[in-house]
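To start, the structure under review is shown below, and the notes come after it.
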Amino acid sequence: MNQKEGNLADYIMALDQGTTSSRAIIFDKEGRICSVKQKEFTQHFPNNGWVEHDPMEIWATQMSVMMEARETMGIRTEDIAAIGITNQRETTIVWDRKTGNPVYHAIVWQCRRTADRIEQLKAEEYDKVIREKTGLIVDPYFSATKIEWILDNVPGARERAEAGELMFGTVDTWLIYKLTGGRVHATDYTNASRTMLFNIHTLEWDRELLAKFNIPESMLPAVRNSSEIYGYTDREIFGGEVPIAGVAGDQQAALFGQCCFEAGDVKNTYGTGCFLLMNTGDKAVDSQQGLLTTIAIGLDGKVSYALEGSVFVAGAAIKWLRDEMKLIDSAADTERIALSVPDSNGVYVVPAFTGLGAPYWDAYARGAVFGLTRGTNKAHFVRATVESLAYETSDVLAAMEMDAGLPITSLRVDGGASANNFLMQFQADIENAEIVRPVITETTALGAAYLAGLAVGYYDSLDEIKGYWKADRRFKPGITEDKRETLLAGWKDAVERTRVTR
Ligand SMILES: Nc1ncnc2c1ncn2[C@@H]1O[C@H](COP(=O)(O)OP(=O)(O)O)[C@@H](O)[C@H]1O
Ligand SMILES: O=P(O)(O)OC[C@H](O)CO
C-alpha cells in the first residue's frame, strides 16, 4: 500500500487547479513529467467586475484530467504513491454539508463584488486590525467578504450556516472533500492564510474576525500541515485508495517546488501576472512597503512565513501585443523582436491595465506609454513592453529588500514568460542579481508533488528533494551601474506619471 515507510510506488500525482484550467501531472521521483492533462472550464462574468466558476465543473474537469493522466501512462492506481493538491487561492465555495451541493457558484479571487464592503472597512480603520492579524492588505481579493456576501445574498444561507448545515472551503478544501467522498473537511496553513479570517500568528481561525464578518465557525475547515495525509481517495472515484498527502496554494507550492526552503530565497512566476514570494523563515515580516505577509508553508506543526508581491499584468501585456495591438504573431516572437534593436530608444510601457499592484496598490491607474519620438518603431515598442515585466518585478524586489533588510542576489523563475531569454537577461541586468531558471518550470505542480511525497516517505527529506532540483540556465548581470541607474530612473519617472493615487 501507499503507506509511509518503504513506499514502493513509482509516481506522484499533482492536481493543479488553476483559475482557467484544471491540470493533472504525474511526476517520477526526480521530478520529471511523465504525463500531463489539462482542461479549461467556463468563466462566468454575471456582472461588471464579477467572476465566478461552477464548483461542479471544477470538480468534473479535475476528475477527468486525473483519470486521463493515469490512463495515458497505462499505470495502475497503486503505482501512485500519493496525490498533492495545489490550487488557485482565495476562491470561495460554500456547500451543503449533507448533499455536498454548492449553494452558489465559486466566487473567484479576481471578483470585485465586495469592493463597497472593503471601502466601509477602511473607513472604520478596520484595515489595521485585519493587517495585524492576517498579514493581508484589506481587499475584495481575499475570501472573507466573499463568504459574507454568499451568506447575505443567497436566500436562506445565513440561517442554514447558523444551523451548521453549510461548509466553506477554498478550492483545495472542495477537492479534498470530493475526493474523499465527503469524509474530510480540511485545508492547509497556506490556503487558510489567504482567507482574511486566519490569524497567522496564533495559527487559529480568528474569533474576532469571524464575528466581524458574521461567519459561523462551524463552516470552517480544519487547518493542517501542507505535508501530511489528509485522507484517502474514495474507492468509487479512483478505483483505489490513494493518500491525499500534500496541499498548498499555488504560489506557495511554486516557492516550495523551486526549493526556496531557506529564509531569503525568492521566486518569481511570470504568468498572466507576476507573483513574487520571499521565504522569511520563522519571522512574519510586517511590510512597510505594500507587500503581503503570508504563510509560506506548514510542516510538522510549524509554519514559515513569506512576503508576497503581485503584479496584475505581466504576460497579459504580451498577449495584448498579440491580440489587441496585432504587433506580434506569438508571445515567443517578442524575444527576437526585442533583440533586433539595441534598446527601447527611451520608450517605457507601463501596463497598468487594471491598476497597479504591489508595491503601489493604485486601483485607478491605467496603462501608459512614454518617450515616443518620430524614431520609435515597432521593435522599440515590443521591447519596452517586454522590459516592463522586468521593471515591475524589480519594483517588488526592491520592496522586499527593504522589508527584509537584505539584498536579493539570486532569483528563481518560472511561468510562461520565463522562457524568454531576453527578458531573463534584462531582469538580471537591471536587478544586478543572478536569475536562475530550472529545467522543470512546472514548479507549482512539482511543489505539491514534493509535499505529498514527503508525507508518505516517497522522499526522505528536503535535502533529498534539493538534490533533484536542476538549473537549466543562469543569467548573470552584464551592464554597468550607470546604465542600470539610467534605465531604472526612466521607469520610476514613467510610473510616477502613471499613478493616480499615492
Ligand atoms: N516567450 C515568451 N515571452 C514573453 N511572454 C510569454 C512567452 N511565452 C508565454 N508568455 C506569456 O506568458 C503567459 C502564460 O504563462 P503561464 O505561466 O501559462 O500563465 P498563467 O498560468 O497565468 O495562465 C501569457 O500571458 C503569455 O503571453
Ligand atoms: O490560478 P493562477 O495561477 O492564476 O493563480 C491564482 C492565484 O493563486 C491567486 O492568488
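Start at 1 and go down the list; that is how both ligands and their atoms are numbered. All residue numbers in this chain count up from 1 along the given sequence.
- Scanning the protein for heavy atoms near atom 3 (N) of ligand 1, the closest one is N420 ND2, 3.1 Å.
- With hydrogens and angles left out, the side-chain atoms of T294 and E308 include no donor and acceptor closer than 3.5 Å.
- A donor atom on one side chain and an acceptor atom on the other are found under 3.5 Å apart for D395 and W491.
- The residue from C274, G271, A331 that puts a heavy atom closest to atom 19 (O) of ligand 1 is G271.
- For ligand 1, the atoms closer than 4.0 angstrom to any heavy atom of T272 are 19 (O), 20 (P), 22 (O), 23 (O).
- Within a 4.0 Å radius of atom 21 (O) of ligand 1, the protein contributes no heavy atom.
- When side chains are defined from C-beta on, T134 does not count as touching F198, because their heavy atoms never get closer than 4.5 Å.
- In this structure the side chain of T19 reaches within 4.5 angstrom of the side chain of Q110, judged on heavy atoms.
- Annotation: R89 places an N or O atom under 3.5 Å from an N or O atom of ligand 2; distance criterion only.
- Close approach to G18 involves these atoms of ligand 2, each under 4.0 Å from a residue heavy atom: 1 (O).
- At a 4.0 Å heavy-atom cut-off, ligand 2 touches D250 through the side chain alone.
- Proximity to K319 (heavy-atom distance under 4.0 Å) selects the following atoms of ligand 1: 25 (O), 27 (O).
- The line from CG of D139 to OG1 of T145 is 8.5 Å long, rounded to the nearest 0.5 Å.
- For atom 1 (N) of ligand 1, the nearest protein heavy atom (residue, atom name, distance) is A332 CA, 3.6 Å.
- Between W95 and H185, the angle of the ring planes goes over 60°, which puts this pair in the perpendicular group of the 30/60° scheme.
- Contact between E335 and ligand 1 is absent, with no heavy atom of the residue lying under 4.0 Å from the ligand.
- Of all the heavy atoms in T20 and Q43, the pair that sits closest is CA-NE2, 3.5 Å.
- For ligand 1 and G415, the ligand atoms under 4.0 Å from any heavy atom of the residue are 17 (O).
- Contact annotation for E90 and ligand 2: only side-chain heavy atoms (C-beta onward) come within less than 4.0 Å of the ligand.
- Of the residues Q88, Q62, H53, the one that meets the side chain to side chain donor-acceptor pair (under 3.5 Å) test with Q17 is Q88.
- Scanning the protein for heavy atoms near atom 4 (O) of ligand 2, the closest one is T19 OG1, 3.0 Å.
- Ion pair D250/R89 flagged as a salt bridge, since at least one NZ, NE, NH1 or NH2 atom sits closer than 4.0 Å to an Asp/Glu carboxylate oxygen.
- Each of the atoms 25 (O) of ligand 1 lies under 4.0 Å from some heavy atom of A316.
- Judged purely by atom type and a 3.5 angstrom limit, S35 uses its side chain to pair as donor or acceptor with the backbone of A69.
- Residue contacts with ligand 1 for T334 involve side-chain atoms from C-beta outward but no N, CA, C or O (heavy atoms, distance under 4.0 Å).
- Annotation for N420 and L423: closest pair OD1-N, 2.9 Å, computed over non-hydrogen atoms.
- Of the listed residues (A417, A419, G416), the one carrying the non-hydrogen atom nearest atom 5 (N) of ligand 1 is A417.
- In terms of protein heavy atoms, atom 26 (C) of ligand 1 is closest to G315 O, 3.9 Å.
- Near Y141, meaning under 4.0 Å from any of its heavy atoms, are these atoms of ligand 2: 9 (C), 10 (O).
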